[in-house]
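Predicted model only: the values in this text are computed from it and were never measured.
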Amino acid sequence: MTSSAPGDPARPTRPDEPVPSVSFREALGVWAKIGVLSFGGPAGQIALMHRILVDEKRWIGELRFLHALNYCMLLPGPEATQLATYVGWLLHGVKGGLAAGLLFVMPGVLVLLALSIAYVALGEVPLVAGLLFGLKTAVLAVVAEALVRVAKRALKSRTAYGIAIAAFVAIAFLSVPFPLIIAAAAAFGFLAGRLAPTLLGPGGGGAAAEPADAVALRSEPPSWSHAIGTGLVWGAVWLVPVAALVVLLGWSHVFAQEAVFFSKTAVVSFGGAYAVLAYVAQQAVEVHRWLAPGEMLTGLGLAETTPGPLILVLVFVGFLGGFRGETGLDPYLAGTIGAAITVWVTFAPCFLWIFLGAPWIEALRGNRALNGALSAITAAVVGVIANLAVWFAVHVLFAEVGEARLGPVALPVPELSSFDWRAGLIAAAAGLMLLRLHVGMIPTLAAAAAAGAALTLAT
């Protein structure tokens, strides 16, 4: 009999043969590698983890990986970060989940903090302003490409298309709160999964046969005592600092506002960064006035060029909020504190969701109702991303945007004479590169930044 590598799922095993384990030290090296290489948004990051964890290392099987991914997509927050945390937990428990999640996020946090500092220090320099102009304009094409990619994956039936259209109309024209849209989609999908599993498309059947694990993974049964203890500990890790900021500084202080606002964002950020950015942009721009509409696109463009989840764009928002707020501190120190608060309240909930829910989700592999809720939420996210694309396009391509109301319906009305031909040209070229020529994201953003600098300096 031919032997295989210890992590090979095809390796023949005997009932009495011990299942090999992965050392924590080896796992740290792999998670650090994934964290540094995790460019390309959630699709690229998930593909990277699949290649390394499933295909190369063979630490987790295909079905177990997809089950973990489905749960993470159902959660608020960055699904790639939560997937890394989930697999780390499967391998080494809480310490493994912490290591995987932190190593996945921290390289991007440090890079984006440095870019945020450079932005406020050099953003008014014509060359730098031109680079950022091209970058934020190209993000329109990035969002459009994400919309196409997610739609192909999520919309596999007429019902799914209907959910997406309803979500778009609700958030774009009726101003229905984003959390309510997600909750309604989840409830519909849950019922559809129980009563009519094929209504949302193929894949609603029971679980397929799953091979034995190639390496030792956690399989402890869930318990209410463990769940309550986990919820209390990680809930305190997340919310005690928020409460301390509010009590010590008051509701009106920018640090307290950021802690509360980004805590709420962490709860409603279903579908990843693209889905929640419309909500963040509206609140950060129109309510808190931490930044301008164009600056949200700049931040997203910077986040696209760094490793880690795209939700790290919130580091940019938190930095600008602290930098421009009335804190009595040096602006750069205040901005750094604002960014740190944002990172804490954005990612602490990720560990709560995984450590609290993973034992139960492991016990529910193949549950139809859960898969139905996931499918419906993903379909609704398509409509939300479409709204994000429209909102960004209007505010980038036109300098002046008004609003027309017809009862409960609100429509953005751009001033046609304020159209920016430079933004239109760069966005069209970036869209051609990404959607037609399939050029990579980093080369596309680099070309757009160079074109923005050239057009800015020439006009």
Open item on the list: Strictly by side-chain hydrogen bond (donor to acceptor under 3.5 Å, both in side chains), give each pair with a member in residues 237-261 just once, sequence neighbours left out.
Closed with: Trp238-Ser263

Considering only heavy atoms from C-beta outward, does the side chain of [X] approach that of [Y] to under 4.5 Å?
X	Y	answer
Leu320	Glu295	yes
Val313	Leu302	no
Phe347	Pro309	yes
Thr85	Phe355	yes
Phe419	Pro414	no
Thr346	Thr265	no
Leu352	Val237	no
Leu90	Arg64	yes

Open item on the list: As a quick check of understanding, evaluate side chain to side chain contact (heavy atoms under 4.5 Å, CB included) for Asp420 and Phe398, giving each step before the final call.
Closed with: CA-CA 6 Å; Asp420 189 336; Phe398 298 92; over 6 Å; no

Atom [atom1] in [X], atom [atom2] in [Y]: separation rounded to 0.5 Å?
X	Y	atom1	atom2	value
Leu291	Thr298	CG	OG1	9.0 Å
Ile341	Leu314	CD1	CG	13.5 Å
Ile337	Leu329	CD1	CG	5.5 Å
Leu445	Leu131	CG	CG	12.0 Å
Leu91	Leu53	CG	CG	7.5 Å
Leu232	Leu356	CG	CG	10.0 Å

Open item on the list: Can you tell me how the ring of His50 sits relative to the ring of Phe65, calling it parallel under 30°, perpendicular over 60° and tilted otherwise?
Closed with: perpendicular

Can you list, pair by pair, the side-chain donor-acceptor contacts under 3.5 Å of residues 95-115, counting residues two or more places apart and other chains?
none

- [ ] Provide the full list of ring pair (Phe, Tyr, Trp, His ring centres under 6.0 Å) pairs with a residue in residues 284-304, sequence neighbours left out, each pair given once.
- [x] Phe261-His288, Phe261-Trp290, Phe262-Trp290, His288-Trp290

Task: Pairs meeting criterion ring pair (Phe, Tyr, Trp, His ring centres under 6.0 Å) with involvement of residues 292-317, two or more places apart - done: Tyr119-Phe316

Open item on the list: Consider ring pair (Phe, Tyr, Trp, His ring centres under 6.0 Å). Of Phe24, Trp31, Trp59, which one does His92 pass it with?
Closed with: Phe24

TODO: Report yes or no: do Tyr86 and Glu79 form a side-chain donor-acceptor pair below 3.5 Å?
DONE: no

TODO: List for me each residue that meets side-chain hydrogen bond (donor to acceptor under 3.5 Å, both in side chains) alongside Glu26, sequence neighbours excluded, and say none if there are none.
DONE: none

Open item on the list: I'd like to check the side-chain contact (heavy atoms from CB on, under 4.5 Å) partners of Leu180; sequence neighbours left out, ordered by chain and number.
Closed with: Val176, Pro177

Task: CD (Glu326) with more than 12 external heavy atoms under 6.0 Å - done: no

TODO: For Ile354 and Cys72, work out which heavy atoms get closest and say how close.
DONE: CD1-SG, 4.1 Å

